[in-house]
Structure formats: structure tokens, C-alpha cells
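We name chains A, B, ... by the order of the sequence lines, and we start the count at 1 in each one.
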Number of protein chains: 2
Amino acid sequence: MDTTIEQAVGILRRNQLKITKQRQALIDYLVTYKDHYVAISEVDEHMRTLFPGMSHNTIYRNVKEFETLGLLELKAQANQTLVKYQCDFKHQHHHHFICSNCGKVQELDACPLDAFEAQLPGCTITGHRIEFYGLCADCTAKLGASKSLSK
Amino acid sequence: MDTTIEQAVGILRRNQLKITKQRQALIDYLVTYKDHYVAISEVDEHMRTLFPGMSHNTIYRNVKEFETLGLLELKAQANQTLVKYQCDFKHQHHHHFICSNCGKVQELDACPLDAFEAQLPGCTITGHRIEFYGLCADCTAKLGASKSLSK
DNA sequence: CAGCTAAATCATAATCATTACTATTTAGTT
DNA sequence: AACTAAATAGTAATGATTATGATTTAGCTG
Ligand SMILES: [Mn+2]
Ligand SMILES: [Mn+2]
Ligand SMILES: [Zn+2]
Ligand SMILES: [Zn+2]
């Protein structure tokens, strides 16, 4: 039974990508944020403290490459791309609840795709994104349910 | 019975915003794209052909202001913000199907919020986003259902 | 209609995330 | 140990968005 990191390295290997110390460190770092989105600029900043002078290009390129391998999930935000380690490499279909306060991501199951398909006769549905936002149980307990937060 | 544009102008008026020719033109332009997302850079470009030398600042500021008024919907994309005229000013809750080929947006009803709420005990759900992507009926007919498109 | 004033716009430049490019280094192989 | 394609470094460009201070104008008042 491989660790999460060994799984990731295995994926790189299977795709004939070289295992560089920069990529190792990138994976290590992202795994520690496994269930949170991180701004890519923070990733950039972190990598450049580990490897002073590391090229922005390298960081951004690897993040994108890792996404196409299914290692990471990217999420466009205003003026920022967010990065999250992929919850499951088997790509089991699921959706997310994201805490607006602590950033924690929880997985949800059940997918209402079928219900919506019926409303789109003649269309070809190639994908969908379903996300819920709010306060996780911990943050609800701490902050109360009365906070007004971004949708 | 007001036209769509008169409704929009009424909203500006009710919020004590001045009706400038720039804002008029911005509304006019966006109404013609009523059911499509447009890249804000295209909006910028268009406005600056109508008003040569118009300040980027003015365009971006107004777009954002219009969003807070519920006139527009914004959508973060990698390196670009997309803009769409709000389908309905009454803010009836609904979700979207977006054609990856022609960009047309169709509204969907039914909302699976309840089903997911049950999976989040103790959490406070403040919002959600549900979007489907693919080919609309027209594009499916034209292009066939065999295209592989971005999720 | 002329005058007033806060709001809006202009004009210009700065910021900041992301990307481009080319020289150099290195992982993985033989 | 040598080889080579792939990866990285180093440097600068690009392009969307925002900042700032001067100028103009919409809407109001008399
Ligand atoms: Mn997940
Ligand atoms: Mn709509
Ligand atoms: Zn689904
Ligand atoms: Zn809903």
C-alpha cells in the first residue's frame, strides 16, 4: 500500500516525467494542504523560499502539468488561480463543500446530473461543476451561523 | 411594461447612480449578449472603440458596480473575467448550462440544494454554484456529439 | 437657464500574475 | 562515465486589472 506521495511519484514515473527535487518538494508541500485550496502565488512563494531563485515558469508549468495528470485540481478565481491536491486519484466522481472561513474542502457524494439532463434535450453534456460554500461545522460552532460571507 | 434596458436604467436611478452615456452604451452592448458570457477584455475593447480613449478604470469599475446591483453576472476564468447580463432581475434562483462551442447560456430550474444539505450536518451553507457544460442542441446538431471539449 | 457639487470620467502609470525565451543543468539511460 | 532529452534558471515581456490625481459632467437648485 503506497502512501499518497508514493502514489503521486508513481504517476509521474508512469508518464515518463522526471522526478526532480523541485517536483518532489512541490508534491510534499501540496500534500500538506490536501483538503484546502491554496493560491498559486503562495505555492510560488513557498517554492522560492525552498529553492531561492527558482523560476516562476517552472512552478507554474509543473502545476499545470500536474493538473493534466490528475494530481491537482485548479480553480480560477478573480486574479488568482487556486490549487488543491486531488482528493482521490481514481477520480471518483464527487463534488465539494468549501468553507469560506478556514478553506477546508469536504467531499460530497450524490450527483444530480440525471435530473438536469432531462432539461437539456438534444444537448451534449460534457461536464459540470457543483460547489457549495459556507462555514464548515467547526467554523459554524466557533463563529456562529450569523456571519455574512461571500457566496 | 419596461424594456430590459429601461429596467436596467431604473435600477441605476433607484441606486442614485448617474446615467452617463458611457453607462448607457455599456448596458446597450451587454444586452445584445444577453444570454452569452463575454470576456471583459472584449467589453473593454468595444467600449474604447465607441469612446476612444475611455479609461480602462471606468469600464472595469462600472462592470463591478453593475454586478453589485445585480445587473450583471461575473465569472472568473483563468486570466480573464467573463461578464453576462443578468437573466432575471428578480434573482429567481436557477442554474446554467453553457455551450462550450457558441457560448450560449440556458437556464435550468430545479435545485438540488436540499439533497446536499443533508450531507453537511452542523455546517452553514451560504451559497452554491452549479453549472453544466457541453454543446447546446444547435451545436450538437451541427458538430455531432463526438467532440471532446473542456469540462 | 446659469451655477453648483458630488460623482464620474480621463489620462497616465503602476501592479501583479502569468508567460516567453534562451542558456544551463540534470535525471534517467546506456 | 558519457549522453541526451527534459527540466530548470535567469531574465524580461505581456496583459489584465488597479491606482491616482486632474478634469469633466449629470443632476440638482434657484
Ligand atoms: Mn474532492
Ligand atoms: Mn440565468
Ligand atoms: Zn456530478
Ligand atoms: Zn441552487
Are OP1 or OP2 of [N] and a side-chain N or O of [X] less than 4.0 angstrom apart?
X     : N      : answer
B:Q22 : C:dC10 : yes
B:T81 : D:dA16 : no
A:R61 : C:dT19 : no
B:T20 : D:dT25 : no

[X] has an atom [atom1]; how far is it from atom [atom2] of [N], in whole Å?
X     : N      : atom1 : atom2 : value
B:N79 : C:dT15 : CG    : P     : 20 Å
A:N57 : D:dT14 : CG    : P     : 15 Å
A:I59 : C:dA20 : CD1   : P     : 16 Å
A:K18 : D:dA5  : NZ    : P     : 9 Å
A:D44 : C:dA17 : CG    : P     : 8 Å
B:E42 : D:dA16 : CD    : C1'   : 14 Å
A:Q24 : D:dA7  : CD    : P     : 14 Å
B:E67 : D:dT17 : CD    : P     : 13 Å

Item to check | Earlier contact from the 5' end, DNA chain D, for A:L17 and B:Y60 | outcome: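 In this pair, the answer is A:L17.
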Checklist entry - Does B:S41 or B:S55 map to a spot on DNA chain D nearer the 5' end, using the closest nucleotide for each? => result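 Counting from the 5' end, the first nearest nucleotide belongs to B:S41.
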Nucleotide of [options] approaching [X] most closely (side-chain heavy atoms):
X     : options                : value
A:K64 : D:dA9, C:dT19, D:dT17  : C:dT19
B:I40 : D:dT17, C:dT9, C:dC10  : D:dT17
B:R23 : D:dT8, C:dG28, C:dA8   : C:dA8
B:M54 : C:dT18, D:dT17, C:dC10 : C:dC10

Side-chain donor-acceptor pair present, [X], [Y], cut-off under 3.5 Å:
X      : Y     : answer
A:Y37  : A:E73 : yes
A:R23  : A:T20 : no
B:H128 : B:H93 : yes

Checklist entry - Sub-3.5 Å donor-acceptor pair from the side chain of B:R129 to the main-chain atoms of A:R129, do we have one? => result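 Here the side-chain-to-backbone pair does not exist.
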Checklist entry - Above 12 or not: heavy atoms from other molecules or residues under 6.0 Å from CD of A:E107? => result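 Atom CD in A:E107 is crowded, with more than 12 foreign heavy atoms closer than 6.0 Å.
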